[in-house]
Each structure stands twice: as C-alpha cells, then as structure tokens.
Amino acid sequence: MHKVKVPSHNIRTDIILEQEKIANYRRKVEEKNHLKITKIEKNKEKYTSIEFQDITDFEERKVVEEVLRKELKKYIKPTKKDRYLLIGLGNPYSTPDSLGPKTMDKIIVTRYLEQIGPLEEKYASTAILKPDVSGNTGISSIPLIKSAIKEVKPTKIIIIDALKARKLERLVKIIQITNTGIHPGSGILNDQGEISEKTIKCPVIAIGIPTIVDKDTMIGKPSNDNFMVTPTNIDFLMDKLSSLLGDSINKVIHQIDK
C-alpha cells in the first residue's frame, strides 16, 4: 500500500461533478455483461462512465474494451484529416499516478513519419506528450501543453489522467470519459488550471480512471491525519489499464479495429 499524507479537504477530483449532484442533465444507464454504462448529457457536454468488476479477468477485459472503443468513437469521431495530440498527465515515477505516461507508451506515434512521406491510408497523424509533474520538472504541465499544441496544431486532443476516487467502490473499477475538459492535479490540491476546448480552442476528450482514494473517504468522516491509499497490486493493475486504454485508442484513431 502506497501512502501520501494530505490535508483533509473537499475538492472535486472526478472528471466532472458527482453524478448524483448534477441537475437538469439527461442520463441513461445501460448494463452489458456485468458492466454498468452511464451516459450523461446537457447541450454539447457529454460524460460516460464504464463500471467494471475485474479488469484482470481476460473475458471481462474483452467486453470492457469493446464498450470502450464504441464510446470513444462517439467522442473522437475519427476522420482521415485529423491530427491528434495525446497527452499523458501524471508522475511516471509514482505508480498510482502513472496511468497517463504508461498509456502514452502504448500509443502508435506517426507524426514523424510524415516527414518521410504520406501515411498509410488507415493511420492518422499522432503525436504524444508526457509533461510529467512540476515536482519532477519544475515546470507546470499547462505551458508545456500549450507549447505542444502550438507545434502540432492538432484538430483533436486526447488527455489521459489518473483520478482520485470520490467513492471507494470506484477505485480502479471505472473509466470516465468526457468532452468537458480536466483539471490536472486537482485531486491532490495542486490544480494547475483547466484544459478544455474553452481554454485551448481545440476539442478535448479526457479519459480518467480513479487509482487512489483518501482515508477520509474510506472511513466516511474527516480526520486530522488524512492520506491517500491505492490497491496493493497497483503495479499489475496499471499495466493492465494502460494497455487497455492504449489498445482501444490506437484501434479507434488509426481505424484498425475492424
């Protein structure tokens, strides 16, 4: 078990507000092979959650990937003209926070090949960024992301990040997708600002998985000695989850999922 002490706090850390607190949103709940798929929409804002039981189970993993790819297609709407910038937020040296960087390691990068000649028909132009965390680099991720956007000029941005669970039962058992953006670092009181279409003028699809939960959430009341908790097998789970996300994204944006 990894522990990181943090103050008691009540800050939003999921990709969007807790589902039960959202008013005037259209919602739809589906079930497929023991998965629970929740879809929430309001105007152009969309949120999807895919809840599963055991991502290490081979058969369940196949079902989760099938559902995930189907949902990602709706968000990404891939075309041959798209240029993608994929961003893996998080600390590569802290296992519970390494989901973003680990997923980037699985992405098929093609942008450099365009300097040689046209890409094969099914492949899209893709570049990745692993901005790390300011504690390691001394630089906030936001200016690095803006610099990469200026260089790549993407038509769509996909961001992967580990989240802090607001409910214990969500820990490493739910994938969240939204087109409303994300606040890097907000789960550990280090909110660096919003990354969304509103702030960077480019469509943003954010994908997150809760990998930590604080003690206060686990016991149901605030304390003076709060800390973060993650599953003991988080190394194994992170390998499985990053492979799931990487494989699914590759098959959707490079249109090789048929």
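Since this is a predicted model, take the numbers as computed values, not measurements.
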Return the minimal non-hydrogen interatomic distance between [X] and [Y], and the atom names on each side.
| X | Y | answer |
| --- | --- | --- |
| Ile149 | Pro154 | O-CD, 3.5 Å |
| Ile87 | Pro131 | CG2-CD, 4.0 Å |
| Leu85 | Ile128 | CD1-C, 4.3 Å |
| Ile50 | Val67 | CD1-CG1, 3.9 Å |
| Pro96 | Ile212 | CB-CG2, 3.6 Å |
| Ser242 | Asp239 | OG-O, 3.2 Å |

[X] side chain to [Y] main-chain N or O, any donor-acceptor pair under 3.5 Å?
| X | Y | answer |
| --- | --- | --- |
| Asn179 | Lys46 | yes |
| Asn43 | Glu45 | no |
| Thr217 | Arg166 | no |
| Thr155 | Arg83 | yes |
| Asn91 | Asp97 | no |
| Lys156 | Tyr84 | no |
| His34 | Gln53 | no |
| Thr38 | Ser49 | no |
| Asn233 | Phe236 | no |
| Thr103 | Leu245 | no |

Item to check | Partner set under ring pair (Phe, Tyr, Trp, His ring centres under 6.0 Å) for Phe52, not counting sequence neighbours | outcome: none
Checklist entry - Do Ile160 and Lys102 pass the side chain to side chain contact (heavy atoms under 4.5 Å, CB included) test, and can you show the C-alpha distance, the side-chain angles, and the key distance before you say yes or no? => result CA-CA 10 Å; Ile160 312 293; Lys102 280 183 175 290; over 6 Å; no
Would you compute the distance between atom [atom1] of [X] and atom [atom2] of [Y] and round it to the nearest 0.5 angstrom?
| X | Y | atom1 | atom2 | answer |
| --- | --- | --- | --- | --- |
| Thr211 | Leu99 | OG1 | CG | 7.0 Å |
| Ser140 | Lys146 | OG | NZ | 9.0 Å |
| Lys173 | Leu237 | NZ | CG | 8.5 Å |
| Leu72 | Ile205 | CG | CD1 | 8.5 Å |
| Ile159 | Ser196 | CD1 | OG | 9.0 Å |
| Ile207 | Gln176 | CD1 | CD | 11.5 Å |

Assess whether atom [atom1] of [X] is packed by more than 12 heavy atoms of other residues, nucleotides or ligands within 6.0 Å.
| X | atom1 | answer |
| --- | --- | --- |
| Glu151 | CD | no |
| Glu169 | CD | yes |
| Lys106 | NZ | yes |
| Lys80 | NZ | no |
| Lys70 | NZ | no |

Checklist entry - Are Tyr93 and Leu129 connected in the hydrophobic side-chain network, where two residues link if heavy atoms are under 4.5 Å apart? => result no
Checklist entry - Does the pair Thr110 and Thr126 meet the rule for a side chain to side chain donor-acceptor pair (under 3.5 Å), with working shown? => result CA-CA 5 Å; Thr110 62; Thr126 53; 3.2 Å; yes
Is the shortest side-chain heavy-atom distance between [X] and [Y] below 4.5 Å?
| X | Y | answer |
| --- | --- | --- |
| Val63 | Glu59 | no |
| Ile253 | Asp82 | no |
| Arg170 | Leu163 | no |
| Glu71 | Lys39 | yes |

Checklist entry - Considering residues at least two apart in sequence or located in another chain, which fulfil the side chain to side chain contact (heavy atoms under 4.5 Å, CB included) criterion with Arg61? => result Ile55, Glu65, Ser243, Leu244, Asp247
Next on the checklist: According to side chain to side chain contact (heavy atoms under 4.5 Å, CB included), who are the partners of Ser147, at least two apart in sequence or on a separate chain?
Outcome noted: none
Item to check | Verdict with reasoning, Ile177 to Leu68, per side chain to side chain contact (heavy atoms under 4.5 Å, CB included) | outcome: CA-CA 9 Å; Ile177 313 167; Leu68 177 58; 3.8 Å; yes
Checklist entry - Could you walk me through whether Glu114 and Arg111 pass the salt bridge (charged side-chain N to carboxylate O under 4.0 Å, His left out) check? => result CA-CA 6 Å; Glu114 294 178 287; Arg111 186 171 180 266; 5.1 Å; no
Checklist entry - Between Glu30 and Lys32, is there a side-chain N and carboxylate O pair less than 4.0 Å apart? => result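 Looking at Glu30 and Lys32, the cut-off is not met.
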Checklist entry - Would you call Glu197-Lys44 a salt bridge at under 4.0 Å N-O? => result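 Result for this pair is no, no salt bridge flagged.
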